[in-house]
Q: 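One structure coming up, written as structure tokens, with questions to follow.
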2 protein chains.
Amino acid sequence: MVNARDVIGALEHGGYRLTAPRRALASLVAGREGHFTADDLLDAARRRHLGLGRATIFRALDALAELGIVERIDLPSGEHAFVACEAAHHHHVVCSSCGRATWASDHGLERVAAEIGRETGYRIDTHRLELFGLCAECLAAKAST
Amino acid sequence: MVNARDVIGALEHGGYRLTAPRRALASLVAGREGHFTADDLLDAARRRHLGLGRATIFRALDALAELGIVERIDLPSGEHAFVACEAAHHHHVVCSSCGRATWASDHGLERVAAEIGRETGYRIDTHRLELFGLCAECLAAKAST
DNA sequence: GTCCAGTTGCGACTGAGTCTCAGTATCTTG
DNA sequence: CAAGATACTGAGACTCAGTCGCAACTGGAC
Ligand SMILES: [Zn+2]
Ligand SMILES: [Zn+2]
Ligand SMILES: [Zn+2]
Ligand SMILES: [Zn+2]
């Protein structure tokens, strides 16, 4: 989760022009706890009559991904979605029930990656870890039924 | 990498009918070291005049994924690809240069996942780790230039 | 205020993946 | 081995995410 001010600040800092559509996008992305697709944003924009074009949303999302404000994730279903997050290296834990995404630090992963590199003979450059399960709330909700 | 016999055996064992198109598919998938897309297979099929339909390839690939003979991976570019592999839980290391995919065991990952679960309060059900880098051969090739 | 590169929205386009359906091939059972 | 039930197939229409080209617009530097 991230707030609109941060998004706008990052755009400004990244040398992007601060345009009305981008401000609008920032407000759409801000405060989201779960993952969202480009089309989710498009729907939201339409509902608020922001008049954003499809292409603009994709382009802005690319820019935000570039800046690390937003990250692409691949859901098990094969869909592409985004989560708002901070730029530092981290991994996402995604609730398969409500879609909420939480980020987690690396714990011992770098070591695991290094070991796998040694085992396979590869020079590992990047890695992507995605975890799926039930968040605390959905777990509680499920237990109480 | 996997051989055609294994693929066919798995299909048979999984309750699927052993049809000519599926045998053909098995021979296309067998022996591949790298990742491939559905369209790669379609091209290969056309080149060998196997007369496989587009839909058939997608359906067969789904079946193989179901059986664990093949696994969907998501390339950093956003493309969906497949790798042939064994059914046991494992992770893929993908060469960003030649596309070769090697599989690696879990090393300490289960522990990392458990720890992330504890940190975030999630009950982690599944995880997906994909590593990208340069394979030993590409590394050597690069060094010798 | 002027100016221009960066940006926008539109609509056409692409390409992956799905669906439908009539025809075909496989397996089972006798 | 024949026959029936049914799983499977290929063709093509279709959907939907994402991209592209372009004319119009605008943020912000001077
Ligand atoms: Zn949840
Ligand atoms: Zn990491
Ligand atoms: Zn390689
Ligand atoms: Zn694992």
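In what follows, chains are A, B, ... by sequence order, proteins preceding strands, each numbered from 1.
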Q: Which salt bridge (Lys or Arg N to Asp or Glu O under 4.0 Å) pairs, counting each pair once, include a residue from residues 86-101 of chain A, with sequence neighbours left out?
A: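 Sorted result for residues 86-101 of chain A: A:Glu33-A:Arg100, A:Arg100-A:Glu137.
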Q: Rounded to whole angstroms, how far apart are CG on B:Leu11 and P on C:dT26?
A: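 Answer to the nearest Å: 14 Å.
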Q: Tell me, for nucleotides 19-30 of chain D in 5' to 3' order, what letter each nucleotide earns: B for a base near a protein heavy atom under 4.0 Å, S for only sugar-phosphate near one, - for neither?
A: BBB----BBS--
Q: Figure out the CD/P separation between A:Glu79 and D:dA17, and round it to whole Å.
A: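 Atom-to-atom, A:Glu79 to D:dA17, this comes out as 8 Å.
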Q: A:Leu75 has an atom CG; how far is it from atom P of D:dA17, in whole Å?
A: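 One finds 13 Å between P of D:dA17 and CG of A:Leu75, rounded.
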Q: Could you tell me how far apart A:His49 (NE2) and C:dG9 (C1') are, to the nearest whole angstrom?
A: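 To the nearest whole Å, that distance equals 17 Å.
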Q: Does OP1 or OP2 of D:dA7 have a side-chain N or O of B:Arg22 closer than 4.0 Å?
A: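 No, because none of the side-chain N or O atoms of B:Arg22 sits under 4.0 Å from OP1 or OP2 of D:dA7.
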Q: Quick one: do B:Asp74 and B:Arg72 make a salt bridge, cutoff under 4.0 Å?
A: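 Looking at B:Asp74 and B:Arg72, the cut-off is not met.
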Q: Take atom CG of A:Leu42 and atom P of C:dG9, then tell me their distance rounded to the nearest Å.
A: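 For the pair A:Leu42 CG and C:dG9 P, the rounded distance is 11 Å.
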Q: Just checking B:Gly78: base, sugar-phosphate only, or nothing, at a heavy-atom cut-off of under 4.0 Å?
A: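 No contact at all - B:Gly78 keeps every heavy atom at 4.0 Å or more from the nucleic acid.
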Q: My understanding is that a hydrophobic cluster links ILVMFWY residues whose side chain heavy atoms are under 4.5 Å apart, including indirect links. Using that, what else belongs to the cluster containing A:Leu28?
A: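 So far as hydrophobic clustering goes, A:Leu28 is joined with A:Val2, A:Val7, A:Ile8, A:Leu11, A:Tyr16, A:Leu18, A:Leu25, A:Val29, A:Phe36, A:Leu41, A:Leu42, A:Leu50, A:Leu52, A:Ile57, A:Leu61, A:Leu64, A:Leu67, A:Ile69, A:Val70, A:Phe82.
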Q: Hydrophobic cluster mates of A:Leu139, side-chain heavy atoms under 4.5 angstrom, ILVMFWY only, any path?
A: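 A:Leu139 clusters with A:Leu134.
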Q: Could you check A:Thr56 against B:Asp39 and say which one's nearest nucleotide on DNA chain C is further toward the 5' end?
A: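 The answer here is A:Thr56.
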Q: Taking only Lys NZ, Arg NE, NH1 and NH2, and the carboxylate oxygens of Asp or Glu, determine whether B:Arg32 and B:Asp40 approach each other closer than 4.0 Å.
A: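 Answer for the salt bridge query: no.
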Q: Output all residues satisfying ring pair (Phe, Tyr, Trp, His ring centres under 6.0 Å) with B:His92, sequence neighbours left out; order by chain, then residue number.
A: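 Ring pair (Phe, Tyr, Trp, His ring centres under 6.0 Å) list for B:His92, sorted by chain: B:His90.
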Q: Under a single-linkage rule joining Ile, Leu, Val, Met, Phe, Trp and Tyr whose side-chain heavy atoms are separated by less than 4.5 Å, which residues share a cluster with A:Val83?
A: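 Answer for A:Val83: A:Ile73, A:Leu75, A:Val94, A:Phe132.
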Q: Once you round it to whole Å, what is the distance between C1' of C:dT7 and CD1 of A:Ile57?
A: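 Interatomic distance, CD1 of A:Ile57 to C1' of C:dT7: 15 Å.
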Q: Quick one: on DNA chain D, does A:His80 or B:Leu50 contact a more 5' nucleotide (nearest heavy atom)?
A: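 Result of the comparison: B:Leu50.
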Q: In whole angstroms, how far is the P atom of C:dT7 from the CG atom of A:Leu64?
A: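 Result: 12 Å.
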Q: Without decimals, in angstroms, what is the distance between A:Leu61 CG and C:dT7 C1'?
A: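 My rounded result for the distance is 16 Å.
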